[in-house]
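Order of the sequence lines sets the chain letters (A, B, ...), proteins ahead of strands, with each chain counted from 1.
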Amino acid sequence: MNFRGIISSFPTSGRNFFLDLLKESTKIHHLQQIHAQIIANGYKNDISTVTKLTHRLCDLGRINYARDLFLSIRNPDIFLFNVVIKGYSSNGSSFSSISLFNHLRRMTTLRPDNYTYSFAVAASSDFRSEKVGNLLHGQAVVDGLESDLFVGSSLVDLYFKFSKVDLAKKMFNRMLERDTVLWNTVISGLVKNCRYEESIGVFIDMIADESTRLDSTSVTAVLPAPAELQMLGVGMSVHSLALKLGLDDHEYVITGLMSTYSKCGEIESAGSLFGQIARPDLISYNAMISGYTCNGETENSVRLFRELLESGDRVNSSTIVGLIPVFQPFGHLDLTSSIYGFCIKSSIVSNPAVMTALTTVYSRLSEMELARKIFDESNEKCLESWNAMISGYAQIGLTKEAISLFKVMQESEVRPNPVTITSVLSACAQLGALSLGKWVHELIKREEFDANIFVMTALIDMYAKCGSIAEARHLFDLMPDKNVVTWNSMISGYGLHGHGNEAWNLYNQMLQCGIFPSRVTFLSVLHACSHAGMVAEGERVFHSMIIDHGFEPIAEHYACMVDMFGRSGQLRRALDFIERMPTEPGPAMWGALLGACMIHKDTTLAHLASERLFALDPENVGYYVLLSNIYSVDKKFPLAASIRQVVKRKSLVKIPGCTLIEIGEVSHMFTSGDRSHPQSDKIYMMLEKLVGKMKEAGYKPETTAALHDIEDEEKEMMFEVHSEKLAIAFGLIATEPGADIRIIKNLRVCLDCHTATKFISKITERLIVVRDANRFHHFKDGVCSCGDYW
DNA sequence: TTAGGGTTAG
């Protein structure tokens with residue numbers, strides 16, 4: 001027998017033999033051996049065999065091996081292209097996937113088919129921007145494949161992934177043919193976008209549609225909806241439907257039902273379902289652990305956690321997060337710490353996912369030092385950990401830490417996502433860091449985050465809070481989709497700047513657009529009315545909130561009303577309002593009244609308000625200072641001094657006043673009487689010169705005057721200069737004549753500084769924008785936008 | 001002239 005004969009009779013030489021072998025092989029070394037046999041038997045250019053091998057390599061994550069194989073084929077056909085396009089995207093290289101798709105279109109004569117489009121569209125949904133996906137949609141239309149079931153389904157999925165719910169629904173409605181997968185895609189897409197009611201609606205439509213059959217995916221896709229809505233009845237109906245369809249032994253279905261029952265408080269039903277699973281996997285364990293935790297059965301969660309560890313399975317971040325009752329108000333810190341200890345002991349703490357989870361949990365508990373410790377110790381810092389740290393810092397007002405950590409992150413290889421950016425913007429807004437905020441804005445454009453509603457809302461908020469209300473409005477008008485938070489940010493921005501009319505108009509425009517206002521909306525409108533003296537409008541909106549929109553007012557709303565009456569000088573009405581409130585007045589209401597007494601110099605009422613305040617909130621130093629200042633105004637110095645004694649005796653913490661000014665990219669911080677600035681001499685000389693001119697113009701320093709903020713030590717007071725004056729003087733030195741000066745103060749501006757700034761704005765012909773703890777003051781031509789009313 | 005490639009999910 002000759003050599004050819006040996007080959008042809010050799011059992012491994014048939015194509016089908018290789019294909020069968022490839023189907024069954026699950027290990028990479030099998031594939032390598034088969035590949036060697038394929039070459040040895042002369043099948044290395046047999047395209048179907050190579051395609052199958054490439055496919056298996058992709059499945060096992062060997063994308064580079066697969067790519068080399070692909071490149072070795074002289075004339076790959078559309079099948080092989082499809083396998084590699086899919087392989088890239090399922091191995092996390094969506095960019096390569098799209099590049100290959102483009103290569104296919106431009107450099108070959110092959111025509112992409114429905115497979116090609118569905119893979120490419122799926123790859124494009126991994127991108128941050130929907131642009132590629134939109135292009136692909138256009139190309140699919142041109143190639144007449146848009147309404148193909150597979151292409152259409154992947155397009156529907158694409159739009160859901162980019163939260164274009166309306167587009168997705170439109171696409172779905174246009175589809176002539178609908179199969180189980182398409183329905184499932186819509187149900188899960190609605191769930192992903194928190195459209196729970198709608199997803200239940202579509203699920204019911206699907207049941208009614210007799211041409212399609214429900215499968216386990218349909219059931220698992222819809223279950224989060226009744227779980228989130230806590231609609232036990234719906235959950236139970238889905239359960240009985242699953243029983244009827246014989247899907248109740250499907251592990252995903254059982255896990256979904258478990259979550260639904262435990263979120264509806266039916267923890268026993270969840271537990272018995274868990275018992276039905278022969279060998280629960282990690283996700284089932286996690287669902288049950290967090291179910292127990294949510295229902296307060298901590299012992300059971302810990303028991304399951306141990307069981308999971310003993311079974312030798314890996315633990316992931318969901319396990320740890322599910323174990324810790326993050327959102328419960330009490331007892332969580334101790335438990336977290338003991339779980340941390342447990343993680344150390346069982347040496348799973350080095351697991352990056354666990355590290356991340358612990359960082360996240362501590363950060364959510366505002367235990368930033370502990371969070372930071374774990375964060376610093378972890379070797380692999382993933383995006384989620386960075387976000388947990390940065391947002392944690394930003395949320396509790398540690399803005400500098402948030403920003404400096406963000407800068408460290410920029411230096412590392414981890415790229416920020418919209419969550420990061422939103423947190424950083426919140427820090428900028430709190431800090432008034434306009435130049436950093438502008439830099440982040442550039443980054444948003446570069447990274448194409450400018451379609452993200454959270455990012456854009458945070459950006460609007462940042463501009464408004466950093467004084468650029470016009471820029472905020474510009475961005476607001478450019479946004480195609482706005483949610484209630486976006487509108488609220490803009491309305492409260494106007495309120496901060498004292499632009500009551502704009503806030504009022506925007507609120508009405510919002511209603512016309514059919515946006516449902518929230519409690520925060522009313523708070524923002526009331527604030528705006530209060531700061532602009534629009535009492536009639538404020539009262540109208542307060543009543544409309546209750547009657548037309550069905551909101552029960554909360555403490556903040558009442559405080560706003562008291563503030564509004566008080567500011568406008570209707571102190572008795574404010575008191576009357578407090579006394580007639582249906583709930584017990586808290587510190588916020590009395591505090592608002594005390595503040596109004598300050599402005600209108602009503603000592604009697606101030607006394608009443610402060611008595612209530614001291615009873616309710618004895619540790620708050622602000623009220624003592626306010627009262628002491630009122631006595632000073634009334635020239636009741638002994639009383640004022642005695643109040644200050646109380647502060648000293650209680651050794652309540654004083655917040656030192658400080659003012660920030662940004663020149664270029666650098667921010668300069670001044671405290672009261674500060675001489676630490678390198679240009680200190682020049683600053684004081686400038687101030688002296690200014691005071692001279694101001695006095696000529698009629699300025700009288702308010703030496704006996706009340707300070708809204710914390711007073712300095714009595715004797716020093718005469719010589720000390722408040723930080724805002726220093727910052728303004730420095731601003732005058734460091735900027736071009738005529739340039740705007742923007743400063744930020746951490747406390748409320750005091751009366752003397754307010755008067756002085758009015759004079760300075762007139763003398764120097766500058767616009768001076770001051771952001772204090774409460775609002776913005778725009779000083780121009782000797783007048784302040786607050787109407788001396790703050 | 002066959003083979004080789006699907007989108008959705010806890």
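- Nearest nucleotide to the side chain of F150(A), out of dT8(B), dT7(B), dG4(B): dT7(B).
- Nearest to the side chain of E251(A), among dG10(B), dG6(B), dA9(B), sits dG10(B).
- Here dG10(B) presents its P atom at 17 Å from CG of L273(A), a figure rounded to the nearest Å.
- Between L223(A) and S259(A) the shortest side-chain heavy-atom distance does not fall below 4.5 Å.
- Regarding I254(A), its CD1 atom lies at a distance of 15 Å from the P atom of dG10(B), rounded to whole Å.
- Using a 4.0 Å heavy-atom criterion, one finds that F81(A) contacts no nucleic acid atom at all.
- As judged by a 4.0 angstrom heavy-atom cut-off over every strand, D215(A) is placed among residues making no nucleic acid contact.
- One atom, CZ of R178(A), and another, C1' of dT8(B), lie 15 Å apart when rounded to the nearest Å.
- The backbone N or O of K131(A) lies less than 3.5 Å from a partner atom in the side chain of S129(A), making a donor-acceptor pair.
- As a whole-Å value, the separation of F203(A) CZ from dT8(B) P is 19 Å.
- Among the heavy atoms of the strands lying under 4.0 Å from V83(A) are primed sugar atoms or P, OP1, OP2 only; no base atom is included.
- For S118(A), taking side-chain heavy atoms from C-beta onward, the closest of the listed nucleotides dA9(B), dG6(B), dG10(B) is dG6(B).
- Among dT8(B), dA3(B), dA9(B), the nucleotide with an atom closest to any side-chain atom of V181(A) is dT8(B).
- Looking at heavy-atom distances under 4.0 Å, L257(A) makes no contact with the nucleic acid at all.
- Nearest to the side chain of D281(A), among dG4(B), dA9(B), dG10(B), sits dG10(B).
- Base engagement by D148(A) is indicated by at least one non-hydrogen atom pair under 4.0 Å involving a base atom.
- Evaluated for a side-chain contact (heavy atoms from CB on, under 4.5 Å) with I200(A), the options D205(A), L190(A), V191(A), L229(A) yield exactly one hit, L229(A).
- Between the C1' atom of dG10(B) and the NZ atom of K192(A) lies a distance of 13 Å, rounded to the nearest Å.
- Relative to the side chain of D157(A), the nucleotides dG10(B), dT8(B), dG6(B) differ in distance, and dT8(B) lies closest.
- Side-chain atoms of S118(A) come within 3.5 Å of backbone atoms of N114(A) as a donor-acceptor pair (strictly under, hydrogens ignored).
- Atom P of nucleotide dT8(B) and atom CG of L182(A) are separated by 12 Å, given to the nearest angstrom.
- Here the nucleotide nearest the side chain of P224(A), chosen from dT8(B), dG4(B), dG10(B), is dG10(B).
- Summarising the geometry, the separation between NE2 on H55(A) and P on dG4(B) is reported as 11 Å, rounded to the nearest angstrom.
- In the set dT8(B), dG10(B), dG4(B), the nucleotide with an atom closest to the side chain of S48(A) is dG4(B).
- Ranking dG10(B), dG4(B), dA9(B) by closeness to the H250(A) side chain, first place goes to dA9(B).
- Close to dA9(B), at under 4.0 Å from its OP1 or OP2, lies a side-chain N or O of S188(A).
- As judged by a 4.0 angstrom heavy-atom cut-off over every strand, T185(A) is placed among residues touching the sugar-phosphate backbone only.
- Counting heavy atoms of neighbouring residues, nucleotides and ligands inside a 6.0 Å radius, atom OH of Y65(A) exceeds 12 of them.
- Contact check on D157(A) versus K192(A) returns a salt bridge, with a Lys/Arg side-chain nitrogen under 4.0 Å from an Asp/Glu carboxylate oxygen.
- Summarising the geometry, the separation between CD1 on I73(A) and C1' on dG4(B) is reported as 12 Å, rounded to the nearest angstrom.
- Nucleic acid contact class of S284(A) (heavy atoms, under 4.0 Å, all strands): base.
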